[in-house]
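Small disclaimer: the values here were computed from a predicted structure and weren't measured.
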Amino acid sequence: DNLNDSDVALIANALRTNTTLRSLDLTDNGITKIGVESLRLALFDESSLNSVADSNHHCYIDTDFLMMVHNMDLNESEDREINRAHKIYSLLSSRNKTMSNVQDFDDIDVKLLPNILESVQKYSNYGDEDIVKASSIVYEIMRCWDKVSHLCIGQSER
């Protein structure tokens, strides 16, 4: 029997907390773009930096639509931290084009900052002409450093 979008929504919900499953082949099922979007959100929720960091970075899902929906192989590495860093950089890069990363620093977990800077360093040289320069993202982070440093002080006093 084929899986449908309702089945996939249940799978996507389970993937939000599952860190054991490494690969899932959902090709040749009755999944539409709606179902694929629920999977994508489990693997790469771009609503905030915290959401990206909390997404599933372990499971690679093969579907007929995933590349069409996001144009990115999600969780292609077996290394969870590489997948996480790549997603963080992808979000920072896309938002940097409109200088809108600053909005995410209001509620960011300060522990994520080293990952952000590492992601910028690691993935800025991928050669993709659509990706922005690392210095531009670092500038945007530094531009709001007052906000970030106040958060650091506030969280370290707790």
Side-chain angles (χ1 to χ4, degrees), residues 1-109 111-134 136-141 144:
D1 291 64
N2 285 341
L3 297 174
N4 60 33
D5 290 337
S6 297
D7 300 324
V8 169
L10 294 171
I11 292 169
N13 192 41
L15 285 173
R16 292 181 195 284
T17 57
N18 182 300
T19 59
T20 306
L21 188 63
R22 299 284 186 236
S23 179
L24 184 60
D25 186 348
L26 296 175
T27 55
D28 299 324
N29 280 288
I31 304 169
T32 69
K33 288 183 180 182
I34 294 168
V36 171
E37 180 62 10
S38 65
L39 289 171
R40 187 196 63 80
L41 285 172
L43 300 183
F44 188 20
D45 180 354
E46 301 165 297
S47 60
S48 72
L49 282 170
N50 286 332
S51 296
V52 169
D54 292 340
S55 295
N56 181 306
H57 306 295
H58 292 278
C59 186
Y60 177 82
I61 300 176
D62 192 6
T63 70
D64 300 321
F65 291 111
L66 199 52
M67 282 297 289
M68 290 187 332
V69 171
H70 196 270
N71 196 28
M72 177 180 171
D73 267 343
L74 299 172
N75 298 342
E76 63 186 0
S77 172
E78 291 190 21
D79 185 333
R80 175 189 183 281
E81 291 305 314
I82 289 173
N83 293 329
R84 183 178 192 227
H86 191 197
K87 292 174 194 178
I88 289 171
Y89 182 75
S90 177
L91 180 65
L92 289 171
S93 178
S94 66
R95 288 190 175 174
N96 180 262
K97 293 173 187 174
T98 59
M99 296 299 273
S100 62
N101 280 317
V102 176
Q103 71 190 14
D104 279 324
F105 290 117
D106 284 339
D107 64 346
I108 191 170
D109 183 351
K111 295 174 190 164
L112 189 56
L113 286 173
N115 296 104
I116 292 171
L117 295 173
E118 178 186 18
S119 298
V120 169
Q121 177 188 12
K122 192 177 275 186
Y123 293 101
S124 61
N125 298 321
Y126 257 51
D128 186 345
E129 58 195 51
D130 202 32
I131 293 188
V132 300
K133 298 288 184 202
S136 181
I137 294 173
V138 171
Y139 168 77
E140 190 177 5
I141 293 169
C144 69

### Which residues share a side-chain hydrogen bond (donor to acceptor under 3.5 Å, both in side chains) with H57, sequence neighbours left out
K87
### Query
Between D5 and G35, is there a donor-acceptor pair closer than 3.5 Å when you use the side chain of the first and the backbone of the second?
yes
### Query
Between D25 and T27, is a side chain to side chain donor-acceptor pair (under 3.5 Å) present by the stated rule, with each step listed?
CA-CA 6 Å; D25 186 348; T27 55; 2.6 Å; yes
### Task
Look at the side chain of R40 and the backbone N and O of F44, then say whether any donor-acceptor pair between them is shorter than 3.5 Å.
yes
### Message
Just verifying a value: how many Å separate L15 CG and L41 CG, rounded to the nearest 0.5 Å?
### Response
12.0 Å
### Task
Output every pair passing side chain to side chain donor-acceptor pair (under 3.5 Å) with a member in residues 6-20, not counting sequence neighbours, ordered by first then second residue.
none
### Spacing of I31 atom CD1 and L26 atom CG [to the nearest 0.5 Å]
4.5 Å
### Message
Using every non-hydrogen atom in the two residues, find where S47 and R95 come nearest and quote the distance to one decimal.
### Response
O-NH2, 3.3 Å
### Message
I want to check something: taking the side chain as every heavy atom from C-beta on, are I61 and V36 in contact at a cut-off of under 4.5 Å?
### Response
no
### Summary
Sequence neighbours excluded, the answer for salt bridge (charged side-chain N to carboxylate O under 4.0 Å, His left out) partners of E78 is none
### Query
Roughly how far, to the nearest 0.5 Å, is SG of C59 from CG of L21?
4.0 Å
### Task
To the nearest 0.5 angstrom, please state how far the CG atom of N75 sits from the NE2 atom of H58.
8.5 Å
### Query
Under 3.5 Å, side chain of S55 to main-chain N/O of D45, donor-acceptor pair present?
yes
### Spacing of N56 atom CG and R80 atom CZ [to the nearest 0.5 Å]
8.5 Å
### Task
Keeping the roles fixed (side chain from N4, backbone from G30), state whether a donor-acceptor pair exists under 3.5 Å.
no
## Note on the structure
Scanning both residues in full, the closest heavy-atom pair of A12 with A42 reads O-CB, 3.4 Å
### Query
If you take all heavy atoms of N29 and N2, which pair is closest and at what distance?
OD1-CA, 3.5 Å
